[in-house]
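Okay, structure first, notes after.
Convention: sequence-line order gives letters A, B, ...; per-chain numbering from 1. Small disclaimer: the values here were computed from a predicted structure and weren't measured.
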Amino acid sequence: MNKFYSDVFEVVRLIPQGRATSYGAIAKYLGAARSSRLVGYAMNTSHAVIPSVPAHRVVNRNGLLTGKAHFNPPERMQNRLEEEGVRVIEDQIQNWDEVFWDPSIHLIL
DNA sequence: TGAATGACTCGAT
DNA sequence: GATCGAGCCATTC
C-alpha cells in the first residue's frame, strides 16, 4: 500500500463526526494539492481497508456527494451523514460552510 | 511501454 | 455569476 493512500485514509479517519471535508483539502494537507483526483482514487479502494475509512465524510469542494455511487448501497453515504447530524438534500450537504472541516487548519502535521 | 481514465479543481469566457 | 475547458498524476488496460 502506498504511503499516499495510507496518509489519505489516516486523515479521513480523523474527520470528526458530523463534519466533512473535500478531496482537495486532504490533498493539500498531504502536500499534493494537485492530486485531488488521486484522493478520490484512493477512496475507491478504501472499502477494502481495515479499519474502515469513513469515506462518506469526504465530498467535493462544493459539498456535493459525487462519490455516493461508489458505496454499497449508494444511499449509505447520505444515510451515514444524516445519522451524524449532517443534513443532505439532493446529494448536497446543507450548511456546508459550517460542516466543512479543513485538515490543514484543524490538524497539525 | 503508451494511452486512457477518474469519488477534482481552478482559471477563463 | 454560471458554464466550459484544460491541468494533474497514480492506477489500469
- Note on the structure: What one should report as the nearest heavy-atom pair of A/P103 and A/V11 is CB-CG1, 4.0 Å
- Item | Considering all heavy atoms, the nearest A/W101-A/T21 contact | O-OG1, 2.7 Å
Using heavy atoms and a sub-4.0 Å distance, could you list which residues of [range] are near DNA chain B? By number, please.
range: residues 75-104 of chain A; answer: none
range: residues 14-26 of chain A; answer: A/S22, A/Y23, A/G24
range: residues 61-68 of chain A; answer: A/R61, A/T66, A/G67

Can you tell me how far the [atom1] atom of [X] sits from the [atom2] atom of [Y], to the nearest 0.5 Å?
X: A/D102; Y: A/S22; atom1: CG; atom2: OG; answer: 7.0 Å
X: A/R80; Y: A/R57; atom1: CZ; atom2: CZ; answer: 8.5 Å
X: A/I93; Y: A/E98; atom1: CD1; atom2: CD; answer: 13.0 Å
X: A/K28; Y: A/I26; atom1: NZ; atom2: CD1; answer: 13.5 Å
X: A/L38; Y: A/N44; atom1: CG; atom2: CG; answer: 12.0 Å
X: A/R76; Y: A/E83; atom1: CZ; atom2: CD; answer: 9.0 Å

- Item | Along DNA chain B, first and last positions that approach a heavy atom of chain A under 4.0 Å |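 So the outermost contacting nucleotides come out as B/dG6 to B/dC10.
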- Item | Which residues share a side chain to side chain donor-acceptor pair (under 3.5 Å) with A/D91, sequence neighbours left out |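 Here the qualifying residues are A/K68.
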Check the hydrophobic clustering (I, L, V, M, F, W, Y; side-chain heavy atoms under 4.5 Å; chains of links allowed) and say if [X] and [Y] are grouped together.
X: A/Y23; Y: A/L65; value: no
X: A/V8; Y: A/F71; value: no
X: A/F9; Y: A/L30; value: yes
X: A/Y5; Y: A/V58; value: yes
X: A/V99; Y: A/L64; value: no

- For each nucleotide in nucleotides 1-13 of chain C, reading 5' to 3', give B when a protein heavy atom comes within less than 4.0 Å of its base, S when such contact involves only the sugar-phosphate, and - otherwise. ------BBBSSS-
- Touch check for A/N44, heavy atoms < 4.0 angstrom, all strands: base, sugar-phosphate only, or nothing?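 Base contact.
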- Message: Side chains of A/Q92 and A/Q94, heavy atoms from C-beta outward: is any pair under 4.5 Å?
- Response: yes
